[in-house]
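Quantities reported herein were computed from a predicted structural model and do not represent experimental measurements.
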Amino acid sequence: MANKIPRVPAREQDPKVRAANFEEVCYGYDMEEAVLEASRCLNCKKPRCVQACPVNIHIPDFISALHNHDLEKAAATIAEDSSLPSICGRVCPQETQCEGSCILGIKGEPVAIGKLERFVGDWKLNNSRNTASTAPRNGHKVAIVGSGPAGLACASDLAKWGYEVKIFEALHKVGGVLVYGIPEFRLPKTRIVEREIEEVKRLGVEIETDVIVGRTVTVDSLMDEEGYEAVFIGSGAGLPRFMGIPGENLNGVVSANEFLTRANLMHAYDSAYDTPIYVGKRVVVVGGGNVAMDAVRTAKRLGAEAVIIYRRSEKELPARQEEVHHAKEEGVEFRMLTNPIEVLGDEKGWVRGLHCVEMELGEPDESGRRKPIVKQDSDFDVECDVVIMALGTSPNPLLAATTRGLETNRRGCITADEEGTTTREGVFAGGDAVTGAATVILAMGAGRTAAKAIDKYIKSR
């Protein structure tokens with residue numbers, strides 16, 4: 001029986017070698033490995049994996065086509081619901097979504113859906129197959145704010161349905177968090193991100209960079225003067241949070257957002273570029289999510305001793321298990337149940353360490369996780385010369401401040417319903433701008449949902 005076959009492992013770079021380079025960690029499957037792994041799929045009549053996928057890819061159908069060596073059909077099946085398979089195959093938390101719902105996972109290992117999606121996506125890029133079809137232009141214009149996953153997904157669907165779509169991106173590079181937030185060793189920029197964005201452009205989507213909506217143009221001017229009938233805001237959450245503890249203004253304290261932007265978007269990891277980045281000798285990253293793992297593994301590759309400090313136990317780490325596993329393999333030190341209460345500085349105003357307390361876990365809080373409580377008289381110092389705060393982000397307030405009638409909640413996130421409809425008529429929003437920092441695939445799901453709402457809104461006018 002197919003389900004007796006063990007899960008096919010994906011080949012990876014040796015940890016000692018990769019800890020000093022920015023090349024991709026996982027090599028992915030070759031054809032033989034992919035077909036063998038595809039043979040494990042039971043092709044369930046009621047596939048739970050499809051419901052668990054935020055963009056509802058027809059997973060058993062694409063895996064069946066792959067198993068039959070019909071890669072064109074596999075790519076076309078994915079393209080019905082996702083325009084970024086090579087990206088999602090690499091960075092989606094499949095273990096809590098499609099793979100987490102796989103029936104094989106109940107008694108054994110689930111099908112490696114993410115690795116199979118990546119294989120098909122990469123085949124499509126390497127064979128230049130544009131497998132998505134588009135309807136004739138319908139004469140309606142929609143503007144998209146932000147070229148991250150939410151904006152790209154929304155734009156792709158609308159373009160397929162015949163809309164004239166233009167994306168406005170604030171930075172000089174297209175891709176949002178895909179280019180500034182996720183390191184090269186997890187998501188190659190030229191080989192994967194740029195090429196998948198080219199696929200979106202092939203659908204007829206126009207992209208203009210260096211446009212800050214709220215400054216260069218406004219949502220109001222796009223609608224009132226430039227003739228856009230609807231606007232989708234997928235501007236992400238790029239405003240970093242800090243702890244509010246003494247010493248956070250010392251030299252050597254930086255947000256993970258800035259650190260990763262310098263390293264990724266501005267190529268600080270590449271000696272051919274002159275981007276300034278300071279890593280010192282010993283870096284402490286405060287936080288336990290995927291961004292914290294990206295920051296600490298980047299610091300390690302830039303030559304620093306790298307430490308994670310997190311106030312809960314390892315069991316509560318919100319980062320993907322794969323990222324934690326890779327970080328440990330690469331020599332990152334983890335200090336759990338630890339919380340900084342002050343950044344310590346020297347006489348010249350530079351970081352020299354963190355003053356911390358030990359924590360213990362109490363009763364569960366409103367999120368269901370056990371609340372960390374300070375242990376009495378447990379103060380101690382951790383030596384370091386750089387502190388990276390990876391505590392989450394919130395949306396930039398500029399858009400809400402410059403768009404009349406657009407409401408936000410107390411966290412600064414745009415208020416929108418389940419379909420992405422905001423408090424301003426004709427304006428829709430989704431992804432991190434609405435939820436706060438989340439995953440690439442959830443942002444894509446929100447973009448697709450909003451595309452349907454925009455289509456319905458324009459047709460009903």
Side-chain angles (χ1 to χ4, degrees), residues 10 13 21-31 34 55 57 62 66 71-92 114-134 144 146-160 165-167 169 171-209 234 236 260 263-267 269-270 272-273 294 439-441 443-444 447-448:
Q13 258 201 87
N21 70 44
F22 279 82
E23 289 160 29
E24 194 168 11
V25 168
C26 179
Y27 294 129
Y29 288 151
D30 61 22
M31 185 70 184
V55 295
I57 292 169
F62 100 72
L66 170 56
L71 288 165
E72 195 144 342
K73 185 179 177 185
T77 303
I78 295 173
E80 288 172 22
D81 302 292
S82 173
S83 46
L84 307 172
S86 289
I87 291 169
C88 291
R90 285 168 167 80
V91 302
C92 268
K115 299 287 189 291
L116 296 180
E117 181 186 17
R118 166 187 166 153
F119 176 80
V120 173
D122 288 6
W123 175 86
K124 179 183 163 186
L125 291 179
N126 293 331
N127 289 275
S128 300
R129 306 293 173 92
N130 190 3
T131 45
S133 56
T134 56
I144 310 277
S147 68
L152 291 170
C154 186
S156 296
D157 277 3
L158 290 169
K160 287 177 195 172
V165 185
K166 188 168 184 180
I167 296 175
E169 168 55 49
L171 297 175
H172 62 287
K173 281 266 190 177
V174 180
V177 72
L178 302 171
V179 292
Y180 74 73
I182 302 174
E184 184 75 10
F185 56 82
R186 276 219 296 140
L187 185 61
K189 305 296 172 270
T190 305
R191 189 164 57 85
I192 301 299
V193 179
E194 287 180 13
R195 289 167 72 193
E196 290 225 301
I197 288 167
E198 282 304 314
E199 295 290 308
V200 174
K201 286 183 182 175
R202 280 198 207 181
L203 297 171
V205 175
E206 193 182 341
I207 305 176
E208 191 176 339
T209 56
L260 289 170
N264 301 332
L265 185 68
M266 301 166 75
H267 298 271
Y269 63 87
D270 187 341
Y273 290 77
D294 286 344
T439 62
V440 167
I441 193 68
M444 286 179 65
R448 296 198 71 212

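- A side-chain donor-acceptor contact under 3.5 Å links Gln13 to the backbone of Glu24.
- Here the side chain of Arg90 pairs a donor or acceptor atom with the backbone of Ser86 at under 3.5 angstrom.
- Evaluation of the side chain to side chain contact (heavy atoms under 4.5 Å, CB included) rule for Thr77 yields His58, Asp61, Phe62, Lys73 as partners, not counting sequence neighbours.
- Under a cut-off of 6.0 angstrom, the local environment of NZ in Lys189 is crowded, with over 12 non-hydrogen atoms contributed by other residues, nucleotides or ligands.
- Between the Ser82 side chain and the Ile78 main chain, no donor and acceptor come within less than 3.5 Å of each other.
- Every side chain to side chain contact (heavy atoms under 4.5 Å, CB included) that Val91 has, sequence neighbours left out, goes to Ile87, Ile182, Arg186, Leu187, Val440.
- Residues Glu194 and Lys173 are paired through a salt bridge, judged by an N-O separation under 4.0 Å between the basic side chain and the carboxylate.
- Between Phe22 and Tyr269, the distance separating the two ring centers is shorter than 6.0 angstrom.
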(message) What verdict does the salt bridge (Lys or Arg N to Asp or Glu O under 4.0 Å) test give for Glu206 and Lys201, after you've listed the backbone C-alpha separation in whole Å, the side-chain angles of each residue and the deciding distance to 0.1 Å?
(response) CA-CA 6 Å; Glu206 193 182 341; Lys201 286 183 182 175; over 6 Å; no

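- Of all non-hydrogen atoms in Asp294 and Pro183, the two that sit nearest each other are CG-CD, 3.3 Å.
- Judged by distance alone, with hydrogens and angles left aside, the side-chain atoms of Ser147 form a donor-acceptor pair with the main-chain N or O of Gly175 at under 3.5 Å.
- Annotation for Val165 and Ala155: closest pair CG1-CB, 3.7 Å, computed over non-hydrogen atoms.
- Counting all heavy atoms, side chain and backbone alike, Cys88 lies closest to Met444 at SG-SD, 3.3 Å.
- For Glu208, the side chain to side chain contact (heavy atoms under 4.5 Å, CB included) partners are Lys166, Phe168, Val211, not counting sequence neighbours.
- Taking all atoms of both residues into account, the shortest heavy-atom contact from Glu196 to Pro85 is OE2-CD, 3.3 Å.
- Relative ring orientation between Tyr273 and His267 is described as parallel, the plane-to-plane angle staying below 30° on a 0-90° scale split at 30° and 60°.
- Using a 4.0 Å cut-off between a side-chain N of Lys or Arg and a carboxylate O of Asp or Glu, Arg195 and Glu198 do not qualify as a salt bridge.
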